[in-house]
Amino acid sequence: MNSLDAQKVLCVLYADPSTGMPSHYARDSIPTLTQYPDGQSLPTPASIDFNPGHLLGSVSGGLGLERFLIDRGHQFVVTADKDGPDSVFEKELADADVVISQPFWPGYLTAERIEKAPNLKLAITAGIGSDHVDLQAAMDRNITVCEVTWCNSVSVAEHAVMQILALVRDYIPQYDLVVKGGWNIADAVSRSYDIEGMDVGVVAAGRIGLALLKRMKPFDVTLHYTDRHRLSSDVEQELGLTFHESVESLISVCDVVSIHCPLHPETENMFNDSLISKMKRGSYIVNTARGKICDREAIVRALESGQLAGYAGDVWFPQPAPNDHPWRTMPNHAMTPHTSGTSLSAQARYAAGVREILECWLEGRPVRDEYLIVQGGALAGTGAHSYSEGDSTGGSEEAAKFTSSGL
Ligand code: NDP
């Protein structure tokens with residue numbers, strides 16, 4: 001076992017709360033999970049230096065890694081300043097060995113940036129979804145890419161259930177009405193339906209997609225899915241699933257479609273004008289996978305024409321979404337910023353997972369196969385199963401257009 005010499009670990013995290021780090025929390029603890037739904041073990045770092053349930057994903061939280069890295073003689077740089085050539089991220093990248101970034105506030109690792117980082121050997125996604133890294137460039141440069149598989153899959157499935165219900169029952173305008181002092185029931189229900197009896201489908205029944213299907217079953221809906229690999233017949237029977245060979249077949253029968261595939265060249269812009277035109281009029285789309293899986297303008301057009309009755313999700317492209325991103329103001333949406341996978345519960349899991357990956361890497365031990373996306377110049381582990389070769393980071397420089405203006 002050969003421990004690595006002093007490494008520079010560069011970590012991109014979202015900014016602290018506008019009012020400073022919390023002095024107390026809404027709850028005193030989070031539940032302790034014993035294993036993930038398929039039996040995979042939770043992260044197994046040798047130890048942790050943080051309180052599960054505390055804010056870890058912002059700059060001052062530092063994923064609870066500072067003491068661990070500094071005590072072992074490594075350098076740890078944390079920043080939220082990630083976009084544009086003058087950003088701290090781009091400057092510090094020049095001699096970084098390891099980059100850690102979260103999909104919620106992605107430090108885009110484009111081919112140009114990778115070229116400017118000759119020492120870079122490891123890119124860790126503190127979460128799931130490594131499309132903010134040019135995976136092709138990482139393969140070409142023999143950079144290992146890993147993510148913390150399972151860490152927030154159930155968190156996202158819960159968010160998707162919430163957003164399906166928010167759209168179909170039309171929750172957001174009803175809440176607004178109450179806050180504004182109103183009580184016009186007819187206004188409040190003119191777009192509100194029951195989900196019972198509807199056809200609900202997922203694009204991809206991986207960890208999140210399957211968790212969503214399981215959570216939707218008790219609503220007495222008819223469930224559908226499409227995926228590159230078929231689920232076992234036991235699972236299909238238990239949940240009453242109809243498998244579709246193609247996304248076209250799935251969307252033509254569903255009232256609600258929830259998207260759960262990774263973003264890679266095969267899935268980029270999958271939901272374009274042509275596909276959306278084949279959906280039933282008044283369908284709903286929930287996309288908690290990646291913004292770029294949907295054509296930005298096509299979604300706006302479909303909401304404006306009524307082809308879609310609603311669109312929700314928490315993923316945008318790029319992130320942060322520029323202030324004038326049309327999804328902020330399009331009709332009948334129930335968008336959130338990219339929050340589903342970064343609840344305080346999820347943060348504890350992915351902080352522990354990043355710590356596990358770093359412990360392995362720094363001590364010269366192999367990283368778990370299920371965390372691997374790219375290794376040895378090729379897709380590996382989970383990456384080999386779920387991604388395709390190529391790059392999906394194009395256009396990410398537009399993220400520099402966002403200004404927080406105190407928000
Ligand atoms: P999994 O790897 O478990 O599942 C992904 C599934 O997508 C696999 O079943 C895979 O198929 C399938 N898939 C890949 N390409 C296609 C395609 N072209 N058509 C249909 N299915 C396809 O990952 P998770 O479920 O944990 O996560 C899925 C995605 O959700 C992540 O990649 C990420 O983008 C997003 N995510 C979002 C979060 C958020 O905070 N909003 C947090 C976590 C994840 P197969 O393996 O059978 O080939």
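Numbering of ligands and ligand atoms starts at 1, following listing order. Quick note: numbers below take in every heavy atom, side chains included, and nothing from hydrogens, waters or symmetry partners.
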Before accepting this row, confirm whether a basic side-chain N of the pair Arg169/Asp194 lies closer than 4.0 Å to the acidic partner's carboxylate O.
-> yes
In terms of side-chain heavy atoms, does Ser258 have a donor or acceptor partner in His260 at a distance below 3.5 Å?
-> yes
Top protein contact for atom 46 (O) of ligand 1, by heavy-atom distance | His385 CD2, 2.6 Å
Measure across Met198 and Val221 and return the closest heavy-atom pair with its distance rounded to 0.1 Å.
-> O-CB, 3.3 Å
Applying a strict 4.0 Å limit to heavy atoms, is Ser340 in contact with ligand 1?
-> yes
Looking only at atom types and distance, does a side-chain atom of Trp105 sit under 3.5 Å from a main-chain N or O of Ala80, one as donor and one as acceptor?
-> yes
His229 heavy atoms, cut-off 4.0 Å: which ligand 1 atoms fall inside?
-> 45 (P), 46 (O), 47 (O), 48 (O)
Would you please say whether a donor-acceptor pair under 3.5 Å links the side chains of Ser130 and Glu147?
-> yes
Residue, atom and distance of the protein heavy atom nearest atom 30 (O) of ligand 1 read Ile208 CD1, 3.5 Å
Go through the side-chain N and O atoms of Arg355 and Ser47 and say whether any donor and acceptor fall under 3.5 Å apart.
-> yes
Report the nearest protein non-hydrogen atom to atom 38 (C) of ligand 1: residue, atom name, distance rounded to 0.1 Å.
-> Val156 CG2, 3.4 Å
Nearest-neighbour protein heavy atom for atom 37 (C) of ligand 1, which is reported as residue plus atom name and distance = Thr288 O, 3.1 Å
State, without any angle test, whether Thr393 and Asp391 hold a side-chain donor-acceptor pair at a distance under 3.5 Å.
-> yes
Taking both backbone and side-chain atoms of Asp314, is any N or O found less than 3.5 Å from an N or O belonging to ligand 1?
-> yes
Specify the protein heavy atom at minimum distance from atom 21 (N) of ligand 1: its residue, its atom name, and the distance to 0.1 Å.
-> Ala204 CB, 3.7 Å
Would you check if Arg296 and Pro326 make a side-chain contact, meaning some heavy-atom pair closer than 4.5 Å?
-> yes
Of the protein's non-hydrogen atoms, which lies at the shortest distance from atom 40 (O) of ligand 1, and what is that distance?
-> His338 NE2, 2.9 Å
Please write down residue, atom name and distance for the protein heavy atom closest to atom 4 (O) of ligand 1.
-> Gly206 CA, 3.4 Å
Between Arg230 and Glu236, is the closest basic N to carboxylate O distance under 4.0 Å?
-> yes
Between Asn152 and ligand 1, is there a nitrogen or oxygen pair with a distance under 3.5 Å?
-> no
Do any nitrogen or oxygen atoms of Asp131 come within less than 3.5 Å of a nitrogen or oxygen of ligand 1?
-> no
Which protein heavy atom lies closest to atom 35 (C) of ligand 1, and at what distance to 0.1 Å?
-> Ala289 O, 3.5 Å
Touching ligand 1 at all, Trp150? Heavy atoms, strictly under 4.0 Å?
-> no
Is the closest N or O pair between Thr226 and ligand 1 shorter than 3.5 Å?
-> no
Return a yes/no value for Gly341: is any of its N or O atoms, backbone included, closer than 3.5 angstrom to an N or O of ligand 1?
-> yes
Under 4.0 Å from one or more heavy atoms of Val315, ligand 1 contributes atoms 41 (N)
With under 30° as parallel and over 60° as perpendicular, where do the rings of His385 and His229 fit, or are they tilted in between?
-> parallel
Are side-chain N/O atoms of Gln102 and Tyr350 paired as donor and acceptor at under 3.5 Å?
-> yes
Compare Arg207, Glu147, Arg228, His132 and give the one whose heavy atom is closest to atom 17 (C) of ligand 1.
-> Arg228
Could you tell me if any non-hydrogen atom of His159 lies under 4.0 Å from any atom of ligand 1?
-> no
If we only count N/O pairs under 3.5 Å, is His264 in contact with ligand 1?
-> yes
Relative to ligand 1, is Ile128 under 4.0 angstrom through side chain, backbone, both or neither, heavy atoms considered?
-> both
Side chains of Thr226 and His244: donor-acceptor distance under 3.5 Å anywhere?
-> no
Do His159 and Asp314 have a side chain donor and acceptor closer than 3.5 Å?
-> no
